[in-house]
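These notes concern the structure reproduced below.
All residue numbers in this chain count up from 1 along the given sequence.
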Amino acid sequence: MSLNHSPETQTKLIARVPTITGRELPEWFQAIDNGPSFSRCDERANWLADEHGLTHGYAAAIVLEHERRRRGHLF
């Protein structure tokens, strides 16, 4: 699974997260922070998808957004 969505796809996925999942991004970020310590983003995305029943596309978008914000890259 790739975590490299186009910027347009990433923006669209992130905008739909609350509607599709019923949870806001800060809730997902907290779930990631409180979840298992994986060193790789794809491992976090797989865990998020499996643990919370998300599609891998949404899980990857959430993990990527979490990483960007954690690192201070607000694109």
Side-chain angles (χ1 to χ4, degrees):
M1 174 190 61
S2 173
L3 295 184
N4 297 319
H5 302 293
S6 72
E8 297 83 21
T9 299
Q10 177 69 14
T11 299
K12 289 176 183 179
L13 287 169
I14 289 302
R16 290 191 300 245
V17 163
T19 301
I20 297 297
T21 68
R23 295 172 74 178
E24 298 292 329
L25 283 176
E27 294 176 72
W28 287 115
F29 296 163
Q30 185 174 18
I32 293 169
D33 290 339
N34 293 335
S37 294
F38 294 114
S39 60
R40 295 177 28 183
C41 288
D42 62 336
E43 293 171 325
R44 275 181 255 144
N46 286 332
W47 170 80
L48 199 62
D50 294 343
E51 185 71 18
H52 296 280
L54 298 173
T55 66
H56 285 281
Y58 280 103
I62 292 167
V63 168
L64 181 58
E65 194 68 19
H66 179 259
E67 283 298 304
R68 287 179 173 170
R69 292 185 187 196
R70 189 174 66 85
R71 293 180 180 174
H73 299 302
L74 300 175
F75 326 169

Non-hydrogen side-chain atoms of [X] and [Y] separated by less than 4.5 Å:
X     : Y     : result
Leu25 : Arg69 : yes
Ile20 : Thr55 : no
Glu65 : Trp28 : no

Residues that Asn34 engages under side-chain hydrogen bond (donor to acceptor under 3.5 Å, both in side chains), provided they are two or more places apart:
none
What residues form a side-chain hydrogen bond (donor to acceptor under 3.5 Å, both in side chains) with Thr9, not counting sequence neighbours?
Ser6
Which atom names give the shortest non-hydrogen contact between [X] and [Y], and what distance separates them?
X     : Y     : answer
Cys41 : Glu67 : SG-CG, 3.5 Å
Ile32 : Trp47 : CA-CZ3, 4.3 Å
Ile62 : Phe29 : O-CE2, 3.7 Å
Arg44 : Ser39 : NH2-O, 3.5 Å
Ala45 : Ala59 : O-CB, 3.4 Å

To the nearest 0.5 angstrom, please state how far the CG atom of Asp33 sits from the NE2 atom of His66.
3.5 Å
Sequence neighbours left out, what pairs pass salt bridge (Lys or Arg N to Asp or Glu O under 4.0 Å) with at least one residue falling in residues 50-63?
none
Applying salt bridge (Lys or Arg N to Asp or Glu O under 4.0 Å), which residue pairs with at least one partner in residues 11-23 are found, sequence neighbours left out?
Arg23-Glu27
Could you tell me which residues satisfy side-chain contact (heavy atoms from CB on, under 4.5 Å) with Pro7, sequence neighbours excluded, listed by chain and number?
none
